[in-house]
Amino acid sequence: MIRRPGPRLAEGILTRKERSPVDVRLALHQWETYAATLRSHGWETVEVERAEECPDSVFIEDTVVVFRNVALITRPGARARRAETVGVEQAVARLGASVNWVWEPGTLDGGDVLKIGDTLYVGRGGRTNAAGVQQLRAAFEPLGARVVAVPVAQVLHLKSALTALPDGTVIGYAPLVDQPSLFPRFLPVPEETGSQVVLLGGNKLLMAASAPKTAELLAELGHEPVIVDISEFEKLEGGVTCLSVRLRELYA
Ligand code: GLY
């Protein structure tokens with residue numbers, strides 16, 4: 001599931017970076033290439049209706065967490081992003097998901113949830129609060145998930161500085177990971193943006209062009225990096241995972 005950037009993209013929220021001008025036309029081109037790359041690796045893309053008034057809506061990952069057949073519609077920690085969930089809720093319902101919601105006072109961003117098998121690591125400290133963690137547990141533990149809360153103090157989202165390889169090894173940019181020892185296997189990578197990979201299937205990993213050393217490291221370990229340039233989204237603190245939500249479990 002993906003969402004085309006809207007005309008106000010360049011106004012996206014910045015938390016940890018200085019603002020630098022975003023080329024919206026280039027961003028659109030990069031987004032089209034990202035979507036085409038997913039398709040060329042066997043993924044069907046479902047496009048959620050564009051949210052014209054929401055600058056950050058292209059970062060669709062933050063609006064929903066899917067486990068089994070349940071789509072938990074989040075309540076983003078940034079108030080300005082809350083309107084983004086409406087179109088996503090309609091889309092996942094149309095796709096046959098059972099829909100659940102995070103309620104006030106809970107806040108949860110999908111970028112804070114890293115799924116490895118049946119374990120959901122959830123980053124607490126940035127956009128996601130304790131009530132959001134509790135609601136994530138209540139939604140998914142009855143379905144067999146194990147929810148593990150981990151602190152996030154140095155980055156916007158848990159997945160800003162770590163994700164996981166197909167074998168479950170967590171990769172992360174160590175200077176920005178609060179407690180790497182919380183993960184059973186942790187592989188440090190040399191670039192912050194290299195810590196984000198989207199699993200395309202098999203050994204293929206979708207990665208940002210801004211992390212060539214990490215791509216080389218992962219290729220040497222037998223993975224196949226598939227590189228996309230997402231420079232305009234990186235200026236807005238987004239990475240490759242933020243731009244899509246994988247829905248495989250809905251169809252399993
Ligand atoms: N610009 C991405 C976010 O703040 O959520």
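These figures come from a predicted structure and were not determined experimentally. We count ligands from 1, going down the list as the structure has it; atoms in each ligand are counted the same way.
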- Task: Spell out, yes or no, whether Val240 and Val22 are grouped together once hydrophobic residues are joined by side-chain heavy atoms under 4.5 Å, including indirect joins.
- Result: yes
- Message: Test of understanding: with side chain to side chain contact (heavy atoms under 4.5 Å, CB included), list the residues that count as partners of Arg82, not counting sequence neighbours.
- Response: Arg75, Pro76, Arg79, Thr107
- Message: Restricting to ring pair (Phe, Tyr, Trp, His ring centres under 6.0 Å), what partner residues turn up for Tyr121, sequence neighbours left out?
- Response: Phe183
- Note on the structure: Counting only non-hydrogen atoms and a 4.0 Å cut-off, the residues near ligand 1 are Ile13, Asp56, Phe59, Arg81, Arg127, Leu156, Leu236
- Could you verify whether a donor N or O on one side chain and an acceptor N or O on the other, from Glu237 and Ser160, lie under 3.5 Å apart? no
- Query: So if you build clusters from Ile, Leu, Val, Met, Phe, Trp, Tyr with side-chain heavy-atom gaps below 4.5 Å, do Trp103 and Leu136 land together?
  - Reply: no
- ring pair (Phe, Tyr, Trp, His ring centres under 6.0 Å) partners of residues 225-248, not counting sequence neighbours, each pair once: none
